[in-house]
Visitor: 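Got a structure here, written out as structure tokens. Questions coming.
Lettering follows sequence order; numbering is per chain, from 1.
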Amino acid sequence: MRSSQFQSDLLQWFHKNARVLPWRSHPTPYNVWISEIMLQQTRVDTVVPYFVRFITELPDVSALSQVEEDKLLKLWQGLGYYNRALNLKKAAKILMETNQGQLPSEIKHLLELPGIGPYSAGAIASIAFGKAVPAVDGNVLRIMARILANREDINNTKNKKHMQEVMAQLVSEKEPGSFNQAMMDLGATICLPNGEPKCSECPIRRHCQANKLGATSEIPVKIQKKVRSVEKKTVFVISSEGQFALKKRKPGGLLPNLWEFPNAEDYLTEKQARDFLSAMGIRVHDMVPIKQSKHVFSHLEWHMKGFFVTATADDRVQSELSWVTGTDIQHQYSIPTVFKAFMEYCKQ
DNA sequence: AAGACGGGGCA
DNA sequence: TGCCCAGTCTT
């Protein structure tokens, strides 16, 4: 394979077929940074509305560095991997203190910022700063496995390292940003991850060994999935005088610093539920079961039963709980999707 | 090297 | 239902 032909075939296709995306119209370092973080393990269609809202609310590094955490998490609500948002603010503060609020253009310095790994550093350096460096993501690993008819496990550390080196040689010197984005668009629209790739439309099929061998459905090869553990929970929607009880989750771990409905491990009987509420300082006026719901995370499942509890006003002494209106829940409090079914009970 | 870390779209 | 997505960080 000749690098120059591969590059020109890919770039020519990209210049005609590039997807129109909000972060591409003004690829400032800040816009590219935010988009790349949002796009980690997250589809383009999902990211677009989040990106537009985020940039409107927090247009630059300075604004991001000063944003209140609850507002930041509200902007991220439903996007997942919430540490990405917290790392974004940490990095913004570092940039304000050490670099006049500017993103660095060197890979080495980008990698020092929290939330930026090898892929994101390469993407930012190439797209925002025109550096001729690779940006190896899942698309690139899949495309290159097919191009080279490589049957190794694509997620294998050694393979990733190898691909990093291959792409460092292959990336266009003149248009590295377009080259890397072309690989993403090709992976998203032609060289598909599931289902048959659209090889007849592929601009680089003449370079593709898997296509030549008729092996595109067997490559890439990936190792098995791991079993997900299941956790049972009992969730309480507690209502008192038009307000609902929320609790802030701890920093670190799952869903850090987000808000949740009070909940207990395992399925509780009504008796156990009353004891649990009592220990929290809640006196039950009325309590009715809520339909069971299930939520699947990447590494575990929550199976949830619930109760809708009506409490009396005098019982709202205990804190650790915040009492908020349905409107506040909607506009201010960041509650993860896992509680979606229970949020329905808080509509005005 | 493996596990933690969200959520949704699609076959 | 299972896989995978413009991955990174921790153990």
Visitor: Need one value for A:L21: base, sugar-phosphate or nothing, where a base atom within 4.0 Å counts as base even if backbone is also close, heavy atoms only.
Guide: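 Since a base atom lies under 4.0 Å of A:L21, the category is base.
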Visitor: Contact class for A:W23 (heavy atom, under 4.0 Å): base, sugar-phosphate, or nothing?
Guide: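 Result for A:W23 = base.
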Visitor: Return yes if some donor-acceptor pair links the side-chain N/O of A:Q292 with the main-chain N/O of A:K305 below 3.5 Å, else return no.
Guide: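 No; judged by distance alone, with no hydrogens or angles, the pair does not exist.
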Visitor: If you assign A:G80 and A:T157 each to the DNA chain B nucleotide with the nearest heavy atom, which residue ends up on the more 5' nucleotide?
Guide: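 That would be A:T157.
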Visitor: Can you tell me, in whole Å, how much space there is between the C1' of C:dA6 and that of B:dG3?
Guide: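 About 22 Å, rounded to a whole number of Å.
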Visitor: Could you state the CD-P distance from A:E260 to B:dG6, rounded to the nearest angstrom?
Guide: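 Going from A:E260 (CD) to B:dG6 (P), I get 13 Å.
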Visitor: Take atom CG of A:N155 and atom C1' of B:dA1, then tell me their distance rounded to the nearest Å.
Guide: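 In whole Å, B:dA1 C1' lies 12 Å from A:N155 CG.
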Visitor: Under 4.0 Å, counting only non-hydrogen atoms across every strand here, what does A:V338 touch: a base, just sugar-phosphate, or nothing?
Guide: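 Counting heavy atoms under 4.0 Å across all strands, the contact made by A:V338 is with sugar-phosphate only.
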Visitor: Can you identify which nucleotide, out of C:dC9, B:dG8, B:dG6, has its nearest atom closest to the A:F297 side chain?
Guide: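 My answer, after comparing the listed nucleotides, is B:dG6.
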Visitor: Could you list by number each residue of residues 8-19 of chain A showing a heavy-atom separation from DNA chain C of less than 4.0 Å, or answer none if no residue does?
Guide: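 Per residue number, the list reads A:R19.
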Visitor: Parallel, tilted or perpendicular: which describes the rings of A:W76 and A:F54, with under 30° parallel and over 60° perpendicular?
Guide: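 The rings of A:W76 and A:F54 stand perpendicular, inter-plane angle above 60°.
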Visitor: Expressed in whole Å, how much space separates the P atoms belonging to C:dC9 and B:dG8?
Guide: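 Here C:dC9 and B:dG8 have their P atoms 24 Å from each other.
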Visitor: For B:dG3, does OP1 or OP2 lie under 4.0 Å from any side-chain N or O of A:H299?
Guide: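 A:H299 to B:dG3 OP1/OP2: no side-chain N or O under 4.0 Å.
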Visitor: Report the distance from atom CD of A:E301 to atom C1' of B:dG6, rounded to the nearest whole Å.
Guide: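 Computing the A:E301:CD to B:dG6:C1' distance gives 14 Å.
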Visitor: Nearest 0.5 angstrom please: A:L258 CG to A:K74 NZ, how far?
Guide: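 One gets 9.5 Å once the value is rounded to the nearest 0.5 Å.
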Visitor: Let me spell it out: for each of A:V296 and A:K158, pick the nucleotide of DNA chain B with the closest heavy atom. Which residue's pick is nearer the 5' end?
Guide: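 Of the two residues, A:K158 wins.
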Visitor: Rounded off to whole Å, could you give me the CG-to-P distance for the A:D153 and B:dA1 pair?
Guide: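 After rounding, the gap between these two atoms is 11 Å.
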Visitor: Below 4.5 Å, heavy atoms only, C-beta onward: do A:V32 and A:E36 meet side chain to side chain?
Guide: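 They are in side-chain contact.
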Visitor: Base, sugar-phosphate, or nothing: which does A:L79 touch, judged by heavy atoms less than 4.0 Å apart?
Guide: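 The residue A:L79 makes base contact.
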Visitor: Under the 3.5 angstrom rule, does the side chain of A:Q40 hit a backbone N or O of A:G115 as a donor-acceptor pair?
Guide: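 Yes; judged by distance alone, with no hydrogens or angles, the pair exists.
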Visitor: Counting only side-chain N and O atoms of A:Q41, is one of them less than 4.0 Å from OP1 or OP2 of C:dG7?
Guide: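 Checking C:dG7 against A:Q41, a side-chain N or O does come within under 4.0 Å of OP1 or OP2.
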Visitor: Students often mix this up, so state it plainly: with edges at 30° and 60°, are the rings of A:H299 and A:F297 parallel, tilted or perpendicular?
Guide: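 Tilted.
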Visitor: Rounded to whole Å, how long is the line connecting atom CZ of A:F339 with atom P of B:dG7?
Guide: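 For the pair A:F339 CZ and B:dG7 P, the rounded distance is 10 Å.
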Visitor: Give a yes/no answer on whether the side chain of A:Y81 brings an N or O atom under 4.0 Å of OP1 or OP2 in C:dC9.
Guide: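 For C:dC9, OP1/OP2 do not have a side-chain N/O of A:Y81 under 4.0 Å.
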Visitor: So for atom CD, which belongs to A:Q12, do other residues, nucleotides or ligands contribute more than 12 heavy atoms lying within a distance under 6.0 Å?
Guide: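 Counting neighbours around CD of A:Q12, 12 or fewer heavy atoms of other residues, nucleotides or ligands fall under 6.0 Å, so no.
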Visitor: Atom CD1 of A:I124 to atom C1' of C:dT8: distance rounded to whole Å?
Guide: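 Spelled out: CD1 on A:I124 to C1' on C:dT8 is 13 Å.
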Visitor: Is the backbone N or O of A:K158 less than 3.5 Å from a side-chain atom of A:H162, with the two atoms forming a donor-acceptor pair by type?
Guide: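 Looks like no, no N/O pair under 3.5 Å.
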Visitor: Give one of base, sugar-phosphate or nothing for A:R24, where a contact means two heavy atoms less than 4.0 Å apart.
Guide: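 Counting heavy atoms under 4.0 Å across all strands, the contact made by A:R24 includes a base.
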Visitor: Could you list all N or O pairs between the protein and nucleotides 9-11 of chain B that sit under 3.5 Å apart?
Guide:
none

Visitor: So what does A:S120 touch, heavy atoms closer than 4.0 Å: a base, only the sugar-phosphate, or nothing?
Guide: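 It contacts sugar-phosphate atoms only.
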Visitor: To the nearest Å, give me how far apart CG (A:L258) and C1' (B:dC5) are.
Guide: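 Those two atoms, CG and C1', are 12 Å apart.
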Visitor: Between C:dC5 and A:R142, is there an OP1 or OP2 to side-chain N/O distance shorter than 4.0 Å?
Guide: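 Looking at the OP1 and OP2 atoms of C:dC5, one of them is under 4.0 Å from a side-chain N or O of A:R142.
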Visitor: Quantified in whole Å, what is the P atom distance between nucleotide C:dT8 and nucleotide B:dG9?
Guide: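 Going atom to atom, P in each nucleotide, I get 23 Å.
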Visitor: Establish, with yes or no, whether the OP1 or OP2 oxygen of B:dG6 is under 4.0 angstrom from a side-chain nitrogen or oxygen of A:H295.
Guide: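 For B:dG6, neither OP1 nor OP2 has a side-chain N or O of A:H295 closer than 4.0 Å.
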Visitor: Between C1' on B:dA2 and CG on A:N156, what's the gap in Å once rounded to a whole number?
Guide: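 Taking CG of A:N156 and C1' of B:dA2, I get 12 Å after rounding.
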Visitor: Which is true for A:G78 with a 4.0 Å heavy-atom rule: it touches a base, it touches only sugar-phosphate, or it touches nothing?
Guide: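 Sugar-phosphate contact only.
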Visitor: Picking from C:dC3, C:dT8, B:dG6, which would you name as closest to the side chain of A:Q40?
Guide: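 Among the listed nucleotides, the one closest to the side chain of A:Q40 is C:dT8.
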Visitor: If the cut-off is 4.0 Å, is A:S298 near the phosphate of B:dC5, judged by side-chain N/O to OP1 or OP2?
Guide: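 For B:dC5, OP1/OP2 do not have a side-chain N/O of A:S298 under 4.0 Å.
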Visitor: Just call it for A:N139: base, sugar-phosphate, or nothing, with non-hydrogen atoms closer than 4.0 Å on any strand.
Guide: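 Touches sugar-phosphate only.
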Visitor: So what does A:I116 hit on the nucleic acid, given a heavy-atom distance under 4.0 Å: a base, only sugar-phosphate, or nothing?
Guide: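 Result for A:I116 = sugar-phosphate.
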